[in-house]
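Letters A, B, ... mirror the listed sequences (proteins, then strands); counts begin at 1.
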2 protein chains.
Amino acid sequence: MKKAEATRLMILQKAFELIYVKGYQTTSIDDIIATTKVTKGAFYYHFKTKDEMGLSIINEILKPILASSFIEPLQNEKNPLEAIYNLMDNLLMKNEFLKVEYGCPASNFTQEMTPWNLEFNKALNELTQEWTNAITATIERGKKSDTIRKDVNAKQVTIFVMSGYWGIRNLGKLENSKKVYVSYLKQLKIYLDSLK
Amino acid sequence: MKKAEATRLMILQKAFELIYVKGYQTTSIDDIIATTKVTKGAFYYHFKTKDEMGLSIINEILKPILASSFIEPLQNEKNPLEAIYNLMDNLLMKNEFLKVEYGCPASNFTQEMTPWNLEFNKALNELTQEWTNAITATIERGKKSDTIRKDVNAKQVTIFVMSGYWGIRNLGKLENSKKVYVSYLKQLKIYLDSLK
DNA sequence: TTGCATAAATACTAAGCAGTATCTTTTATG
DNA sequence: CATAAAAGATACTGCTTAGTATTTATGCAA
């Protein structure tokens, strides 16, 4: 029971890294069993299909990453606007797992799987919704504590900020350079300051 | 010479539409010859490989679209900030070819082909660079005509605006709704106004 | 009309793909 | 230690893929 759970998680982890680099469609099960050194029998013991594995990656790998790296940091800072800026700065410039040349895993997944796979779409939507809610809540906190103007539309700002993040990840991927991240962050700061 | 050129273009056009909907990897040559009703012999007469066709799509289909729908509109309006806003509004809300559920073709291509295909990356980079230059030039025009503050960093603003566009296309794809476009556009307007 | 390059049709190949059937090993429990 | 279930190994299947080899039709210059 214990060791099996470990292999399952190891498969998910390694498969996730492969998919992050190569994309879901182009990562074959043979690729996965080659890098995990797990046999096909073992793979199909743990997962009925490739898509079941893909969904497990979203729910068991991506969700915890979202919680720890995308949501928690927002809740541990006092100043809401600083919290949002620092989150982005950390994700783009300091996070060691997310690489500029591979973009954002959730964004990649979305681009690749949506709209032709409904189950993936649903799982990714939930993921995004969680992040959206966390950012919106942070802005509302700012409005309550008077660090953000009352007339600011929290939901709209969230969408604007999130779209910028996804877009700059894609742009960084294209240019293979963090330079664009720096520009983005500077303008993000200016934009966020305008909400005070 | 004439009819052959026509079939070639027809293949590119139909293949582009298929790829826009399904993605490059998952669009097979058999898919393409089925929908174009062109035989494999004809296809491989016009294109040495699938990737050569893909590059031709970028250069012969995407580039003209970029010029006519993404760049020209910027040059035909007097007020630079309005030009940028109206461009985005048109692309997101009014353009009949670009569908919310399929996102932005260039962004999709970038996400899917970069970083593992250098030639695609180069072609897409040129494409993006052209758009970047056009937006930056528009902002500089605004600075000269005093409709935009002199201390505004044109390049930075361009990157910020472009990343927002790409991101919101991806978000729209995920939610399969133009609602997010409306939110994005409202905040874009506020942001652009802050540059006056 | 003949000759020849351009253009297109047909049938094939070799490799890769997700998934399965069947067997063997490991592990937990009485 | 016996045994049954859990976990993993191996070999295979049927199908799809990009690309090729070869043949056939078309259009145009002489």
Side-chain angles (χ1 to χ4, degrees), chain A residues 1-58 60 108-109 112-113 116-121 123, chain B residues 1-58 60 108-109 112-113 116-121 123:
Chain A
M1 235 355 171
K2 207 67 175 297
K3 206 187 156 204
E5 195 62 21
T7 31
R8 186 194 141 91
L9 254 161
M10 185 266 279
I11 294 172
L12 285 178
Q13 186 62 46
K14 289 252 168 96
F16 167 58
E17 282 164 31
L18 271 180
I19 290 166
Y20 176 41
V21 172
K22 298 186 30 161
Y24 181 80
Q25 312 279 0
T26 40
T27 299
S28 71
I29 287 169
D30 286 336
D31 284 340
I32 294 167
I33 67 175
T35 60
T36 52
K37 275 161 178 62
V38 147
T39 59
K40 208 158 242 196
F43 180 92
Y44 277 99
Y45 172 79
H46 289 289
F47 308 100
K48 256 212 278 296
T49 62
K50 189 189 178 185
D51 280 4
E52 189 188 296
M53 181 211 62
L55 285 169
S56 299
I57 286 177
I58 296 177
E60 296 168 46
N108 292 355
F109 248 123
E112 199 178 348
M113 308 310 282
W116 62 269
N117 190 308
L118 272 173
E119 284 188 296
F120 274 76
N121 197 44
Chain B
M1 239 349 175
K2 209 63 176 299
K3 206 186 156 207
E5 195 61 19
T7 26
R8 185 194 142 91
L9 254 161
M10 186 265 280
I11 294 172
L12 286 179
Q13 187 61 46
K14 289 251 168 96
F16 167 58
E17 281 164 33
L18 273 178
I19 290 167
Y20 176 41
V21 172
K22 298 184 32 157
Y24 181 80
Q25 313 279 0
T26 39
T27 299
S28 70
I29 287 169
D30 287 337
D31 284 341
I32 294 167
I33 67 175
T35 60
T36 53
K37 275 157 179 60
V38 146
T39 59
K40 207 160 241 195
F43 180 92
Y44 277 100
Y45 172 78
H46 289 288
F47 309 101
K48 258 212 280 294
T49 63
K50 188 188 179 188
D51 280 3
E52 189 188 297
M53 181 211 63
L55 285 169
S56 299
I57 287 177
I58 297 177
E60 295 168 45
N108 292 354
F109 247 123
E112 199 178 347
M113 309 309 284
W116 62 269
N117 189 309
L118 272 173
E119 284 188 294
F120 274 77
N121 197 44

Response to the item:
Taking five pairs at each terminus, the helix from dT1(C)-dA30(D) to dG30(C)-dC1(D) shows an axis bend, to 10°, of 0°

Discussion item. Quick check on contacts: within residues 32-40 of chain A, what sits under 4.0 Å from DNA chain D by heavy-atom distance?
Written reply: Thr39(A), Lys40(A)

Worksheet item: Between residues 47-57 of chain B and DNA chain D, which residues have a heavy-atom gap below 4.0 Å?
Response: Thr49(B), Lys50(B)

Could you list the residues that satisfy salt bridge (Lys or Arg N to Asp or Glu O under 4.0 Å) with [X], not counting sequence neighbours?
{"X": "Lys40(A)", "result": "Asp30(A)"}
{"X": "Glu52(B)", "result": "none"}
{"X": "Asp31(A)", "result": "Lys22(A)"}

Item to complete: List in numerical order all residues of residues 16-27 of chain B for which some heavy atom is under 4.0 Å away from an atom belonging to DNA chain C.
Response: none

Identify, with sequence neighbours excluded, every residue that meets side-chain hydrogen bond (donor to acceptor under 3.5 Å, both in side chains) alongside [X].
{"X": "Glu119(A)", "answer": "none"}
{"X": "Tyr24(B)", "answer": "Asp51(B)"}
{"X": "Gln13(A)", "answer": "Glu17(A)"}
{"X": "Gln25(B)", "answer": "none"}

Discussion item. For Tyr44(B), give me all partners under ring pair (Phe, Tyr, Trp, His ring centres under 6.0 Å), at least two apart in sequence or on another chain.
Written reply: none

